[in-house]
Amino acid sequence: MNRVNDDYDLVVIGAGAAGLGTARAAVAMGARTLLVSDSEPGGDCTFTGCVPSKTLIEAARTGVPYPVAAQRIRDTVAAVAATEDADVLRAEGIDVIIERARFRSRDRIDIGGRTFTARRVVIATGSAPAVPGVPGLHENGFLTNEAIFDLPDLPPALAIIGGGATGCELAQAFTRLGSRVTLIEQADRLLPGQDPQASAVIAEVLSREGTDIRVKACPKAVEPGPRTVIPSARLELEDGTTVNATHVLVAVGRRPPGTDLALSAAGIETDDRGYVKTNSRLATTARGVYAAGDVTGRAPLTHAAYQMGRIAAGNALGRWPTTYREDVMPEVVFTEPEVAQVGILATQAPVGARIAELPMIGLDRALTARATDGFVKLVAGRRRLLGNLGGGRLLGATIVAERAGELIHEPTLAMATGMFTGRLAATTHAYPTWSTAVQQTAAQFFITIDGRRARTVTAVTERAGPTGVPSRWEN
Ligand SMILES: Cc1cc2nc3c(=O)[nH]c(=O)nc-3n(C[C@H](O)[C@H](O)[C@H](O)COP(=O)(O)OP(=O)(O)OC[C@H]3O[C@@H](n4cnc5c(N)ncnc54)[C@H](O)[C@@H]3O)c2cc1C
Ligand SMILES: NC(=O)c1ccc[n+]([C@@H]2O[C@H](COP(=O)([O-])OP(=O)(O)OC[C@H]3O[C@@H](n4cnc5c(N)ncnc54)[C@H](O)[C@@H]3O)[C@@H](O)[C@H]2O)c1
């Protein structure tokens with residue numbers, strides 16, 4: 001039961017990962033907290049993002065028919081949503097209102113016909129799918145992540161616009177489930193924000209499994225397809241080729257949420273993309289108002305949103321000021337093999353840094369599993385006074401492997417705690433685990449192992465490497 005009053009220490013707007021992280025941290029700090037959301041708590045991750053997509057991916061990997069996969073999605077979303085619904089949150093001490101919020105001023109907010117005051121506010125209203133302005137796309141109809149997981153039947157022919165994280169994950173899953181999938185990416189490679197070698201591995205695997213990949217390709221018009229197939233679409237690409245599909249999925253990134261929060265009434269500025277401007281402590285331009293999660297335009301990831309929420313809560317409530325760190329934020333693309341990244345890419349390594357690489361074919365566990373697609377790359381830099389002593393410090397790691405999403409956390413911990421890379425090499429790893437790949441790679445900073453040794457980045461090798469790799473967070 002809600003104990004709603006009109007005066008709170010903290011009002012949190014939005015109950016996705018960022019809002020939940022904020023509200024839970026705030027009540028743990030003893031703050032009277034109101035969480036307001038215009039939809040059920042859980043947000044994109046629970047209902048239209050991570051949870052349904054990872055359930056679909058796992059179902060496709062195990063080879064179940066589509067109706068079983070679809071039922072698993074419904075069951076899993078319900079199970080996760082039940083851990084964070086309004087009753088659960090109220091039992092944790094958070095007041096919850098399911099309504100849309102709108103600023104009246106920086107400390108007064110209209111919610112469901114009432115005006116609430118708050119000493120502090122955290123905005124956590126997320127983002128929305130971006131949609132390209134392709135003529136005919138709206139008229140012909142398309143899916144985004146908000147509808148693709150509700151399809152009653154398997155799409156016979158799916159065209160996916162956008163070869164980023166969503167596009168690659170769902171292309172592989174739907175191909176495995178039996179759809180004829182065409183993946184259309186405007187850049188010259190899939191996953192253009194990732195290591196170019198990771199892109200190459202994923203393109204090779206997806207294509208081997210039957211996905212039709214079109215890179216340097218952009219739809220310029222969409223028309224209805226043959227009348228005998230419903231629904232149907234014919235995509236005309238800029239290079240003059242065409243793609244026929246029954247369904248079109250748009251996965252070209254995110255845009256700011258469309259909800260009218262009346263930010264200007266509170267003096268909250270947005271950047272040139274429309275996201276809420278925040279400083280490194282996640283404060284907005286309005287005193288007492290903070291922001292967390294996708295709405296900030298920073299790393300659009302659930303764990304980043306949750307972490308930003310906890311930091312925003314602490315900073316808003318006057319706890320020890322904490323800075324949000326993106327340099328040690330891991331991310332994983334859940335294709336098979338998975339693509340995991342933390343810190344800088346090898347293509348971003350400064351001159352003088354050292355790069356160690358291990359192809360998965362050099363790992364016994366990968367051989368036993370017959371899963372040799374992929375590699376580990378570690379980038380180590382010199383310490384200010386200690387140079388390369390102890391192997392230097394870790395600047396970044398890229399892992400493409402069957403369990404890369406698990407393996408990435410050892411380098412992440414090393415980076416977060418400022419560990420020498422030597423610790424990764426010297427710590428005994430159980431044989432034959434996937435994790436030994438990290439140890440074997442780190443060992444190359446000290447010795448030649450199986451003919452491999454870390455190389456130093458010189459201006460020449462850097463120039464020889466791929467160029468034009470965009471920042472991983474750029475839309
Ligand atoms: C297909 C897909 C797969 C993904 N997979 C992963 C993954 O595997 N791992 C990962 O880390 N990330 C993944 N993501 C990204 C992740 O889902 C988002 O980064 C995360 O959900 C953002 O959380 P948020 O709290 O910022 O926003 P949201 O989850 O969007 O929550 C915002 C909430 O605010 C509410 N709201 C908006 N306006 C108002 C208003 N005016 N008043 C009241 N309430 C309002 C909305 O209803 C919503 O509930 C995926 C995304 C997609 C699209
Ligand atoms: N496993 C995960 O953590 C995961 C999975 C899915 C999504 N997400 C998050 O959700 C966000 C959205 O995912 P996403 O895949 O939609 O965005 P994305 O930014 O990862 O990829 C979008 C891709 O679409 C391409 N593109 C843009 N316009 C195009 C056009 N007109 N034609 C063809 N290609 C075009 C871009 O070059 C880019 O490669 C991501 O930023 C990601 O952080 C995370």
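When a ligand or atom number is given, it counts from 1 through the structure's own listing order. All figures in this text were calculated on a predicted structure; none of them were measured in a lab.
Neither the backbone nor the side chain of P129 comes within 4.0 Å of ligand 1, counting heavy atoms alone. Residue-level proximity to ligand 2 for I161 is carried by the side chain, the only part with a heavy atom below 4.0 angstrom. With a heavy-atom cut-off of 4.0 Å, E169 does not touch ligand 1 at all.
Looking at D44 next to ligand 1, an N or O pair under 3.5 Å apart turns up. Taking any N or O of A17, backbone or side chain, at least one lies under 3.5 Å from an N or O belonging to ligand 1. Close N/O approach between I13 and ligand 1 is not found [any backbone or side-chain N/O within under 3.5 Å]. Considering backbone and side-chain N/O atoms, G253 comes within less than 3.5 Å of an N/O atom of ligand 2. The N/O atoms of L301, backbone and side chain alike, include none that comes under 3.5 Å of an N/O atom in ligand 2. Between H303 and ligand 1, at least one pair of N/O atoms sits closer than 3.5 Å. Considering backbone and side-chain N/O atoms, S39 comes within less than 3.5 Å of an N/O atom of ligand 1. At least one N or O atom of L301, backbone or side chain, sits closer than 3.5 Å to an N or O atom of ligand 1. The shortest N or O to N or O distance between P300 and ligand 1 is below 3.5 Å. Not one N or O of R254 is nearer than 3.5 Å to an N or O of ligand 2, by distance alone. Residue T302 has at least one N or O atom closer than 3.5 Å to an N or O atom of ligand 1.
Distance from atom 43 (C) of ligand 1 to its nearest protein heavy atom, with residue and atom name: D38 N, 3.3 Å. Residue, atom and distance of the protein heavy atom nearest to atom 38 (N) of ligand 1 are T259 OG1, 3.0 Å. Considering only non-hydrogen protein atoms, atom 3 (C) of ligand 1 sits nearest to G49 C, 3.5 Å. Among protein heavy atoms, atom 34 (O) of ligand 1 sits closest to G14 CA, 3.2 Å. With respect to atom 41 (N) of ligand 1, the closest heavy atom belonging to the protein is A101 O, 3.2 Å. Atom 21 (O) of ligand 1 has as its closest protein heavy atom C45 N, 3.3 Å. Protein heavy atom in closest approach to atom 26 (O) of ligand 1: D294 N, 2.9 Å.
Among K54, Q186, E331, the residue whose heavy atom lies closest to atom 30 (C) of ligand 2 is Q186. One option in C50, G162, A165 has a heavy atom closer to atom 20 (O) of ligand 2 than any other, and that option is A165. Nearest to atom 4 (C) of ligand 1 by heavy-atom distance, out of G42, A18, C50, G167, is C50.
Atom CZ of R74 is separated from atom OG1 of T55 by 12.0 Å, given to the nearest 0.5 angstrom. Here the OG1 atom belonging to T335 is positioned 11.0 Å from the CG atom belonging to L170, to the nearest 0.5 angstrom. Between atom OG1 of residue T285 and atom CG of residue N279 there is a gap of 10.0 Å, rounded to the nearest 0.5 Å. In this structure, OH on Y290 lies 12.0 Å from CD1 on I311, to the nearest 0.5 angstrom. The line from OG1 of T182 to CG of L235 is 8.5 Å long, rounded to the nearest 0.5 Å.
Remark: the T46 side chain and the E84 side chain contain an N/O donor-acceptor pair separated by less than 3.5 Å. Side-chain contact of T117 with D107: a donor-acceptor pair under 3.5 Å is absent, judged by distance alone.
Against a heavy-atom cut-off of under 4.0 Å, E99 is close to the following atoms of ligand 1: 43 (C). Less than 4.0 angstrom separates some heavy atom of C218 from each of these atoms of ligand 2: 30 (C), 31 (N), 32 (N). Counting the atoms of ligand 2 from 1 in the order shown, those under 4.0 Å from a heavy atom of F334 are 1 (N). Heavy-atom proximity to G126, at under 4.0 Å, picks out these atoms of ligand 1: 26 (O), 27 (O), 28 (P), 30 (O), 32 (C). Set against the non-hydrogen atoms of N145, the atoms of ligand 1 under 4.0 Å away are 1 (C), 53 (C). Using a 4.0 Å cut-off to heavy atoms of E169, the atoms of ligand 2 that qualify are 1 (N), 2 (C), 5 (C). Of all atoms in ligand 1, listed by their number and element, those nearer than 4.0 Å to a heavy atom of K54 are 5 (N), 6 (C), 7 (C), 8 (O). Heavy-atom contacts of I184 reach the following atoms of ligand 2: 33 (C), 34 (N) (cutoff under 4.0 Å). Shown in contact with F334 at under 4.0 Å from a heavy atom are these atoms of ligand 1, numbered in order with element: 8 (O). Taking a cut-off of under 4.0 Å to the non-hydrogen atoms of P192, the atoms of ligand 2 that pass are 39 (O). Taking every heavy atom of G16 and a limit of under 4.0 angstrom, the matching atoms of ligand 1 come to 25 (O), 29 (O), 31 (O), 33 (C). Of all atoms in ligand 1, numbered sequentially from 1 with element shown, those under 4.0 Å from a heavy atom of A124 are 32 (C), 33 (C), 34 (O). Every atom of ligand 2 with a heavy atom of V332 under 4.0 Å away is listed here by number and element: 1 (N), 2 (C), 3 (O). Counting the atoms of ligand 2 from 1 in the order shown, those under 4.0 Å from a heavy atom of A217 are 33 (C). Of all the atoms in ligand 2, the ones that sit under 4.0 Å from a non-hydrogen atom of T166 are 6 (C), 7 (C), 13 (O), 14 (P), 15 (O), 16 (O). Short contacts between ligand 1 and S53, defined as distances under 4.0 Å to a heavy atom of the residue, involve ligand atoms 3 (C).
Under the 4.5 Å side-chain criterion, counting only non-hydrogen atoms from C-beta, P337 is in contact with I202.
R102 and D110 are not joined by a salt bridge, as no carboxylate oxygen comes within less than 4.0 angstrom of a charged side-chain nitrogen. A salt bridge does not link E238 with K220: every distance from a Lys NZ or Arg NE/NH1/NH2 to an Asp or Glu carboxylate oxygen is 4.0 Å or more. Using a 4.0 Å cut-off between charged nitrogen and carboxylate oxygen, K216 and D188 do not count as a salt-bridge pair. Electrostatic pairing of K54 and E58 does not count as a salt bridge here, judged by no charged N lying under 4.0 Å from a carboxylate O. A salt bridge is absent between R72 and D75; no separation between the charged side-chain nitrogens and carboxylate oxygens falls under 4.0 Å. One finds no salt bridge joining D271 and K277 here, because no Lys/Arg side-chain nitrogen approaches an Asp/Glu carboxylate oxygen to under 4.0 Å.
Evaluation of the ring pair (Phe, Tyr, Trp, His ring centres under 6.0 Å) test over residues 121-146, restricted to residues two or more places apart or in two chains, returns H138-F142.
For the salt bridge (charged side-chain N to carboxylate O under 4.0 Å, His left out) test, residues two or more places apart in sequence or in another chain that qualify with D212 are R214.
At least one heavy atom of L261 lies less than 4.0 angstrom from ligand 1. By the 4.0 Å heavy-atom criterion, P219 is counted among the residues contacting ligand 2. Not close to ligand 1: E331, with no non-hydrogen atom less than 4.0 angstrom away.
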As a quick check of understanding, evaluate salt bridge (Lys or Arg N to Asp or Glu O under 4.0 Å) for R189 and E185, giving each step before the final call. CA-CA 7 Å; R189 58 189 171 96; E185 167 57 49; over 6 Å; no
